[in-house]
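Notes follow the structure.
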Amino acid sequence: MSGLKRTALHDSHIALGAKMVPFAGYEMPVQYPAGVLKEHLHCRAAAGLFDVGHMGQVIVRPRSGKLADAALALETLVPVDLLGLGGNRQRYGFFTDDNGGILDDLMIANRGDHLFVVVNAACKDADLAHMQAHLGASCEVELIEGRALVALQGPMAETALARLVPGVAAMRFMDVATFGWQGNGLWVSRSGYTGEDGYEISLPDSAAAAFASALVDMDEVEPIGLGARDSLRLEAGLCLYGSDIDTSTSPIEAGLNWAIQKVRRTGGDRAGGFPGAERILRELAEGTARRRVGLRPEGRAPMRAHTLLFGEPDGGAPIGEVTSGGFGPNIEGPMSMAYVATAQAAIGTSIYAELRGKRLPVTVTAMPFIPANYKR
Amino acid sequence: MKFTEEHEWLEEDGDLIIVGITDHAATQLGDLVFVELPEPGTVVSKDDEAVVIESVKAASDILAPIDGEIVEVNEALVDNPTLVNEDALGAGWFFKIRPSDPSQLDDLLDEDAYKALIA
């Protein structure tokens, strides 16, 4: 796999027997010998370790030394309340474009004297350029090199990680904190991408293999590849950038209204002031013509991205399209995420998906497909 | 046991032929999550689409390896598709076919030729 970058855990993946695939310019483990189904179930039953070192870790540091200046600057790109983000707390957000589409989704943490931002691997160069162009006057924007990023997810994640770093047990969902481990600084958040309790841990590349091995050596912890990462996030109803959200979808169509706090909405103290605000605020008030929904097919056949959806068993024009789909190991059946016309987006609505020339019944279903298990 | 270049195996069972996919194919596909079997009684020609399978990664077709009538299918796979991953050459069989032209079996690969193919 020439021309692909490798994370600090590359040799660890090979030693664990991973099958490596190209992903967003990196050579990444898609599965280990246990396979996607067992990895998925293990993560929900105990704990799973993920290499997410391909993602972009960015520090936004205010030139004035006042964090509020960085928060206000980033608010010009993200329709989220960052001035109100407390110390050692993290929040979900997205970069919007002038048309009100989504350029990328990201996690933003207040780490005292700077904001720490984690963005998707495929978008990180564009995100960095976007932030440098728009925040450069007031902030230093630095893509962190030389730090790995791993996620430990699942109901036993706290037990496992606390053996190495006791302080993590006291963290709550969306807290961030810094700890030491064998002389290395760990930047820890209590969050993730599986719907389970768990952590994401940034640490120096030089310590990553030993840290990962200390976790994987524990009975509770198994390594998890990209295959199970996708089925875990889909069961949890979480969007995948590039599939479920992109520049052609607005945050309101995507049902991400909850991430836009009151203070950034019409009537709020800092309403608007982000790219595409006119459309996004209008859609918040008036609604949208289509909505992102969850779907449960009646049979066992998975309905994957680009499957067309119809209101009738025969004829008619499509009313929507699947954007992600697959088999949910914990729900023991197929599940999809889709955009459908708002008239057919109510929970419980029966619609049809066209699969291999046949229209099969599917039901609009509340997400997440499995209850979230966060430690609030 | 005989093999096809499409990674199926065929084994004689009286006057019927049992058809499945090889361990190599099952490993490449990853865990199966869906199997759609033909109706018993379906008459197929070689290379007709006989079974639809989906793994955690993607959908694919299993083609009829020879002409004949499908007389029995492995219903256990419908509720438990991962039988194919656990025991591809045994409990993970797909269907039994009554060949209409048994001479077609002579064109298939023997085990050594199949091993050379996937080496």
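Below, read A as the first sequence line, B as the second, and so on, with proteins coming before strands; counting in each chain starts at 1. Fair warning: this is a prediction, and the values are worked out from it, not measured in the lab. Values below: all heavy atoms of this structure, side chains included; hydrogens, waters and symmetry mates excluded.
Interface residues of residues 215-225 of chain A toward chain B, defined by a heavy-atom distance below 4.5 Å: none. Within residues 67-94 of chain B, the residues having any heavy atom closer than 4.5 Å to a heavy atom of chain A are B:Val78, B:Asp79, B:Pro81, B:Thr82, listed by residue number.
Around the CD atom of B:Glu6, the shell of radius 6.0 Å holds more than 12 heavy atoms that belong to other residues, nucleotides or ligands. Counting non-hydrogen atoms of other residues, nucleotides and ligands closer than 6.0 Å to NZ of A:Lys38 gives a total of 12 or fewer.
Only the side chain of B:Val52 has a heavy atom closer than 4.5 Å to any heavy atom of chain A. Heavy atoms closer than 4.5 Å to chain B are found nowhere in A:Glu332, neither backbone nor side chain. Proximity to chain A (any heavy atom under 4.5 Å) is restricted, for B:Ala58, to the backbone atoms N, CA, C and O.
Counting all heavy atoms, side chain and backbone alike, A:Pro302 lies closest to B:Val33 at CG-CG2, 3.8 Å. Shortest non-hydrogen contact noted between B:Phe34 and A:Arg356 is CE2-NH2, 3.3 Å.
One finds the CD atom of B:Glu36 at 4.0 Å from the NZ atom of A:Lys358 (value rounded to the nearest 0.5 Å). Atom CZ of A:Arg304 and atom CD of B:Glu54 lie 4.5 Å apart (nearest 0.5 Å).
No other option in A:Pro334, A:Gly326, A:Ala301, A:Gly333 has as many heavy-atom pairs under 4.5 Å with chain B as A:Ala301.
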